[in-house]
Protein chains: 2
Amino acid sequence: MVTIYDIAQKANVSAMTVSKVINNTGRISEETRRKVKKVMEELNYIPNSNARSLVLQQTQILSLLITDITNPFYTSLARGAEDGAKQYGYRLLFGNSDEDYVKEKDYVDMILSTRVDGVLFAPAGDLSLKNLEKLRAHNIPFVIMDRAVPGIESDMICGDSKEGARKLVDYLIGLGHRRIALVNGSLDVSTARLRYEGYAEALALQGIPLDETLIIHQNYRDYHADDHLEQLLEQPSPPTAIFAANNVLAVGVIRDLRERGIRVPEDISVVCFDDLDLSSALDPFLTVAAQPAYQFGAMGIQLLVERIRGSSVPESRKVILPSELVIRSSAKPI
Amino acid sequence: MVTIYDIAQKANVSAMTVSKVINNTGRISEETRRKVKKVMEELNYIPNSNARSLVLQQTQILSLLITDITNPFYTSLARGAEDGAKQYGYRLLFGNSDEDYVKEKDYVDMILSTRVDGVLFAPAGDLSLKNLEKLRAHNIPFVIMDRAVPGIESDMICGDSKEGARKLVDYLIGLGHRRIALVNGSLDVSTARLRYEGYAEALALQGIPLDETLIIHQNYRDYHADDHLEQLLEQPSPPTAIFAANNVLAVGVIRDLRERGIRVPEDISVVCFDDLDLSSALDPFLTVAAQPAYQFGAMGIQLLVERIRGSSVPESRKVILPSELVIRSSAKPI
DNA sequence: TATTTTAAAGTTACCGATAACTCATTATAC
DNA sequence: GTATAATGAGTTATCGGTAACTTTAAAATA
């Protein structure tokens, strides 16, 4: 590999002069600058960012940790983050925790070892606390994405899970539904708790009693609710509508329903949090509370970079991005 | 940040001893090892991989460059690559070129600057040649994913675009279609050329003349074919079926058709290359030639790591992964 | 007891860049 | 014509590790 010393030798200057040309620092005569640049091109010089990071104590790398790379919400978020990072001149190191605390921990160690300048962190859940504390202990700035973690104060970009859930359930109630099931994420994830609360509040406001037998808790990522669903449907008074707490769960539920010969929305209505992008473009079917995923990523980077650069950002900032009720055809009046 | 020198001092040994403990090299007494390890834990030591990379001349980072992070084919591929990388002990640096040669070039520079050990490279198209040559000039091993680039010999994982296209078109012909349109990617992408060839061959074999007015070329990623589609549909003898060269194009086409009040498959049949994952789970509608995307990524990493480690891998290896015709309901007999 | 061997730990130089400083020249001022 | 300033370039030390070699001390052998 070509180094600044190779350049220096061939251009008959010192390494320092080359460095100055590269970084546009110090005083360099036009003539020397041209000469050095010419040699750099001839030799196809590419700076070694490891060496650079070592002395500068910064890498110009940001890390993005998400929990499910096949979930369109997170890929859109990733795209927003990527565009943002590029715009601010950072490289982006992706990680995918698969909603798994151990994988998440491994990524945190890697992040620390890479000495990234900051992290966009979508926690797997409440137990991410330890991993976040580790980042904090090492003074790595981070912005928490999508899910709050009790015990950690930090910059944060979240959706309005509670409000979004309420809107969805309100909508179902407006259609005449009274027996509304909730297929929720695991309760150690803040969004699942809030969506549950929104669900409960919407029911309470309409005087509909909360029925725990209508509620299933699941991992957001792996849907296999067969047994639970069975239970749900074979009640004396089964639900007429299902609120799935995210897109992946909704797809799983609908698939399972269809396998049982139950039609959506004719036999049962289904709505969920988060949109499906391509699916919805192909077939505007699912009624959803859509979140501005791209913006999550873009704004997250913005907060993060401000935090990294700005000494003037005192307390932690929380951004709540609204979700939008998109009514399509997966829910019908009872 | 804590360094090995801090550890060394507190443990009353030399830095070299600490290094040896970390890497399990050299001779270290059990006692010293324990002492050093204890101090490392106390101080929360995390090795600086930049410093390490600098002397070792290798980073344990692989890079994955894809062309569209919102396309499920590539996200599944990414997941395979991620799992593979983890398994072999590498970190993974993602990049997303958006089918754009300039973005691609920027990523190549970043890759070079990061001194990654190898690259999984899904080229934007034929003009990626320059970018690949740059990698080669710098001796970075790479495996080309999905799309061949004329002028570059290298390890490669591809699908069987031609055969898959032929199967799809054969299927349409079998349903009685004779006027079959092709909404293709840009012809400077190898898969688009091969899918075109497969399409043409399938027609030829059945003695159906190729009609250039039935063919549209487009960017794989941004569908906005309004004008073209208009032209297609307002022919004296419009197509009864459309073969879209990838999933994103198919979704775009179907959306546009619906906006015009044209029903799929009642009024026109549509099939495409690549599956839609979540969409298809939600609603098994699109008939597709599905590629094993996860395997693309996993095998790509395998080839790459073998190339990096193995001195014994002589000429370049090409893996062709078959695609599977998945018949659903977006195409009907004429 | 003297010598060799071996185990365990330490020294030194270097990876490729940059910060901070120093050193020549030349230009400007008095 | 000397003092001072401005300009352009070079020296040196350092970032945090590791390879290759050396040193030290204890154990094994003669």
Side-chain angles (χ1 to χ4, degrees), chain A residues 1-37 39-40 43-61 91 109-110 112-117 138-140, chain B residues 1-37 39-40 43-61 91 109-110 112-117 138-140:
Chain A
M1 275 288 182
V2 179
T3 72
I4 51 168
Y5 295 96
D6 302 321
I7 310 287
Q9 194 170 25
K10 191 151 184 210
N12 243 305
V13 296
S14 75
M16 200 57 231
T17 301
V18 177
S19 174
K20 283 173 187 159
V21 169
I22 292 169
N23 297 295
N24 255 307
T25 52
R27 308 181 166 290
I28 301 286
S29 71
E30 233 357 273
E31 196 197 331
T32 310
R33 183 184 305 281
R34 256 203 311 280
K35 190 172 58 178
V36 170
K37 283 202 165 169
V39 176
M40 290 201 316
L43 298 189
N44 264 309
Y45 171 73
I46 306 261
N48 182 326
S49 54
N50 292 115
R52 199 150 190 281
S53 299
L54 194 55
V55 343
L56 290 185
Q57 302 283 59
Q58 50 152 315
T59 51
Q60 294 295 112
I61 296 181
R91 293 169 285 167
D109 284 341
M110 161 183 140
L112 252 14
S113 166
T114 307
R115 304 291 197 263
V116 303
D117 294 343
H138 288 272
N139 278 313
I140 310 288
Chain B
M1 274 285 185
V2 179
T3 73
I4 50 169
Y5 295 96
D6 302 321
I7 310 288
Q9 193 170 27
K10 189 151 186 210
N12 243 305
V13 297
S14 74
M16 200 58 230
T17 302
V18 178
S19 175
K20 282 174 186 158
V21 169
I22 292 170
N23 298 296
N24 254 307
T25 52
R27 306 180 168 292
I28 300 286
S29 72
E30 234 354 275
E31 198 197 330
T32 311
R33 184 185 304 281
R34 256 204 310 280
K35 191 171 58 176
V36 170
K37 283 202 165 168
V39 176
M40 290 201 315
L43 298 189
N44 264 307
Y45 171 73
I46 305 260
N48 183 326
S49 55
N50 292 115
R52 199 151 191 281
S53 299
L54 193 56
V55 351
L56 291 185
Q57 303 281 60
Q58 50 152 315
T59 50
Q60 294 296 111
I61 297 180
R91 292 169 284 167
D109 284 342
M110 159 182 141
L112 252 14
S113 167
T114 308
R115 303 293 196 263
V116 303
D117 294 342
H138 288 271
N139 278 312
I140 310 288

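All values derive from a computational prediction rather than experimental measurement. Because only heavy atoms are used, hydrogens play no part in the values below, and waters and symmetry mates are left out as well, while side chains stay in. Chain A is the first sequence line, chain B the second, and so forth, proteins listed ahead of strands; every chain is numbered from 1.
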Scan A:Val13 against the nucleic acid and name what it touches under 4.0 Å (heavy atoms): base, sugar-phosphate only, or nothing.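 Counting heavy atoms under 4.0 Å across all strands, the contact made by A:Val13 is with sugar-phosphate only.
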
inquiry  = Categorize B:Ile4 for me: base, sugar-phosphate, or nothing, with a 4.0 angstrom heavy-atom threshold over every strand shown.
reply    =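 The residue B:Ile4 makes base contact.
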
ask   = Any side-chain N or O of A:Tyr45 under 4.0 Å from OP1/OP2 of C:dG16?
value =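 Looking at the OP1 and OP2 atoms of C:dG16, neither is under 4.0 Å from any side-chain N or O of A:Tyr45.
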
- [ ] Using only side-chain N and O atoms of B:Ser29, determine if any of them is under 4.0 Å from OP1 or OP2 of C:dA9.
- [x]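 B:Ser29 to C:dA9 OP1/OP2: side-chain N or O found under 4.0 Å.
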
Applying side chain to side chain contact (heavy atoms under 4.5 Å, CB included), name anything that partners [X], two or more places apart in sequence or on another chain.
| X | result |
| --- | --- |
| A:Asn12 | none |
| B:Gln58 | B:Leu56, B:Gln60, B:Asp117 |
| A:Thr17 | A:Val13, A:Ser14, A:Ile28, A:Thr32 |
| B:Asn44 | A:His138 |

Discussion item. Any non-hydrogen side-chain atom of A:Asn48 less than 4.5 Å from a side-chain atom of A:Met1?
Written reply: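 Counting from C-beta outward, A:Asn48 and A:Met1 never come under 4.5 Å.
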
Indicate yes or no: at least one non-hydrogen side-chain atom of A:Ile22 is less than 4.5 angstrom from one of A:Tyr45.
->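 Yes, at least one pair of side-chain atoms sits under 4.5 Å.
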
In Å and rounded to the nearest 0.5 Å, what is the NZ to CG distance from B:Lys20 to B:Asn23?
->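 Result: 11.0 Å between the selected atoms.
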
Who pairs with [X] by salt bridge (Lys or Arg N to Asp or Glu O under 4.0 Å), at least two apart in sequence or on another chain?
| X | value |
| --- | --- |
| B:Asp6 | none |
| B:Lys35 | none |
| A:Arg33 | A:Glu30 |

Spacing between [X] atom [atom1] and [N] atom [atom2], to the nearest angstrom:
| X | N | atom1 | atom2 | result |
| --- | --- | --- | --- | --- |
| B:Leu112 | C:dA17 | CG | P | 12 Å |
| B:Arg33 | C:dA9 | CZ | C1' | 13 Å |
| B:Gln57 | C:dC14 | CD | P | 14 Å |
| B:Tyr5 | C:dT11 | OH | P | 11 Å |

Distances under 3.5 Å only, N/O to N/O: pair up the protein atoms with those of nucleotides 19-22 of chain C.
none

(request) Please list, chain by chain and in numerical order, all residues satisfying side chain to side chain donor-acceptor pair (under 3.5 Å) with A:Arg115, sequence neighbours excluded. (result)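 Listed in chain order: nothing, the list is empty.
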
**OP:** For the helix from C:dT1-D:dA30 to C:dC30-D:dG1, measure the angle between the helix axis at one end and the axis at the other, each built from five pairs, rounding to 10°.
**Re:**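 That helix gives 50° between its end axes.
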
- Message: Can a donor-acceptor pair be found, under 3.5 Å and without considering hydrogens, that links the side chain of B:Thr114 to the backbone of B:Val116?
- Response: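 Checked: no pair found.
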
**Q.** Expected output: side-chain A:Ser113 to main-chain A:Asp109 donor-acceptor under 3.5 Å
**A.**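 Flag not set: sc A:Ser113 to bb A:Asp109 has no pair under 3.5 Å.
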
5'-most by nearest nucleotide on DNA chain C - B:Glu30 or B:Ala51
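Its nearest nucleotide lies further toward 5', so the answer is B:Glu30.
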
**Asked** Looking at A:Ser49 and A:Arg91, what are the two nearest heavy atoms and their distance?
**Response**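 Where A:Ser49 meets A:Arg91 most closely, the heavy atoms are OG-NH1, 3.4 Å.
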
If you walk 5' to 3' along DNA chain D, what is the first nucleotide with an atom under 4.0 Å of a heavy atom in chain B, and what is the last?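 So the contact region on DNA chain D extends D:dG16 to D:dA20.
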
When you compare the protein's N or O atoms with those of nucleotides 4-7 of chain C, which come within less than 3.5 Å of each other, and at what distance?
| residue | atom | partner | partner atom | Å |
| --- | --- | --- | --- | --- |
| C:dA7 | OP2 | B:Arg27 | NH2 | 3.1 |

